[in-house]
Participant: 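Attaching a single structure in structure tokens format; questions to follow.
For the single chain, residues carry numbers from 1 onward in sequence order. If you're wondering where the values come from, they're calculated on a predicted model, not measured in any experiment.
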Amino acid sequence: MEIILNKRYEMEIVFEGETHTLCNVLRSILMEDETVKAAAYSIDHPIVGEPQLYIRARSPKKSLIKAAGTLIERCDEFRSLIESA
């Protein structure tokens with residue numbers, strides 16, 4: 001992960017070695033946060049491009065940390081559901 005823009009209300013991050021999977025779920029969770037004005041990602045080239053996530057929020061870093069925590073909780077819940085089946 002490399003932060004390429006870190007301003008008060010904006011943040012851009014490149015996720016090296018990742019695909020749509022991580023960025024799409026983070027974008028989706030970020031948009032559930034009322035303090036997030038925009039969250040989007042792009043991949044310049046489907047084979048060699050690295051995903052770049054853009055966040056515009058009251059506090060982009062805090063919103064990203066919160067989204068990561070939510071993702072962990074949801075994955076743990078999913079794992080529990082599978083194990084109990």
Participant: State which residues pass side-chain contact (heavy atoms from CB on, under 4.5 Å) with Glu73; sequence neighbours excluded, sorted by chain then number.
Facilitator: none
Participant: Between Ala57 and Val36, what is the shortest heavy-atom contact and its length?
Facilitator: CB-CA, 3.8 Å
Participant: Are more than 12 heavy atoms from other residues, nucleotides or ligands located less than 6.0 Å from atom CD of Glu34?
Facilitator: no
Participant: Side chains of His20 and Tyr41: does their closest heavy-atom pair fall under 4.5 Å?
Facilitator: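 SC-SC contact between His20 and Tyr41 confirmed.
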Participant: Only counting residues at least two apart or in another chain, list the ones meeting side-chain hydrogen bond (donor to acceptor under 3.5 Å, both in side chains) with Arg79.
Facilitator: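 For Arg79 the side-chain hydrogen bond (donor to acceptor under 3.5 Å, both in side chains) partners, ignoring immediate neighbours, are Asp76.
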Participant: Measuring only between side-chain heavy atoms, which start at C-beta, is Asn24 closer than 4.5 Å to Thr19?
Facilitator: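 No, every pair of side-chain atoms sits at 4.5 Å or beyond.
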Participant: Measure the shortest side-chain to side-chain distance between Lys66 and Asp33 over non-hydrogen atoms and say whether it is less than 4.5 angstrom.
Facilitator: yes
Participant: Begin from the C-alpha positions of Ser59 and Thr35 and carry the test side-chain contact (heavy atoms from CB on, under 4.5 Å) through to its verdict.
Facilitator: CA-CA 8 Å; Ser59 177; Thr35 67; over 6 Å; no
Participant: Distance from Glu16 atom CD to Met1 atom CE, nearest 0.5 Å?
Facilitator: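 Those atoms lie 10.5 Å apart.
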Participant: Answer yes or no: is there a side-chain heavy-atom contact under 4.5 Å between Glu12 and Ile3?
Facilitator: no
Participant: State the CZ-CD distance between Arg27 and Glu32, to the nearest 0.5 angstrom.
Facilitator: 10.0 Å
Participant: Once rounded to the nearest 0.5 Å, what's the spacing between atom NZ of Lys61 and atom CZ of Arg8?
Facilitator: 15.5 Å
Participant: Would you compute the distance between atom CD of Glu77 and atom CD1 of Ile82 and round it to the nearest 0.5 angstrom?
Facilitator: 11.0 Å
Participant: Check whether any side-chain heavy atom of Ile43 sits under 4.5 Å from a side-chain heavy atom of Glu50, and report yes or no.
Facilitator: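 Result no, sub-4.5 Å side-chain heavy-atom pair not found.
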Participant: How long is the straight-line distance from OG1 of Thr70 back to CD1 of Ile65, given to the nearest 0.5 Å?
Facilitator: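 Those atoms lie 12.0 Å apart.
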Participant: Going hydrophobic residue to hydrophobic residue with side-chain gaps under 4.5 angstrom, can you get from Leu30 over to Leu71?
Facilitator: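 Yes, Leu30 and Leu71 fall within the same hydrophobic cluster.
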Participant: So, for Cys23 and Phe15, which heavy atoms are closest and what is the spacing to 0.1 Å?
Facilitator: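 Taking Cys23 first and Phe15 second, the nearest heavy atoms are SG-CD1, 3.7 Å.
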Participant: Does any part of the side chain of Ile4, heavy atoms only, come nearer than 4.5 Å to the side chain of Ile13, both counted from C-beta?
Facilitator: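 No, every pair of side-chain atoms sits at 4.5 Å or beyond.
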Participant: Got Leu64 and Leu53 here, is their nearest side-chain heavy-atom distance under 4.5 Å?
Facilitator: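 Yes; the side chains approach each other to less than 4.5 Å.
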Participant: Side chains of Met11 and Leu5: does their closest heavy-atom pair fall under 4.5 Å?
Facilitator: no
Participant: For a quick test of reading the model, state the closest non-hydrogen atom pair linking Ala39 to Met31 and the distance between them.
Facilitator: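 So the minimum-distance heavy-atom pair works out to N-SD, 3.5 Å.
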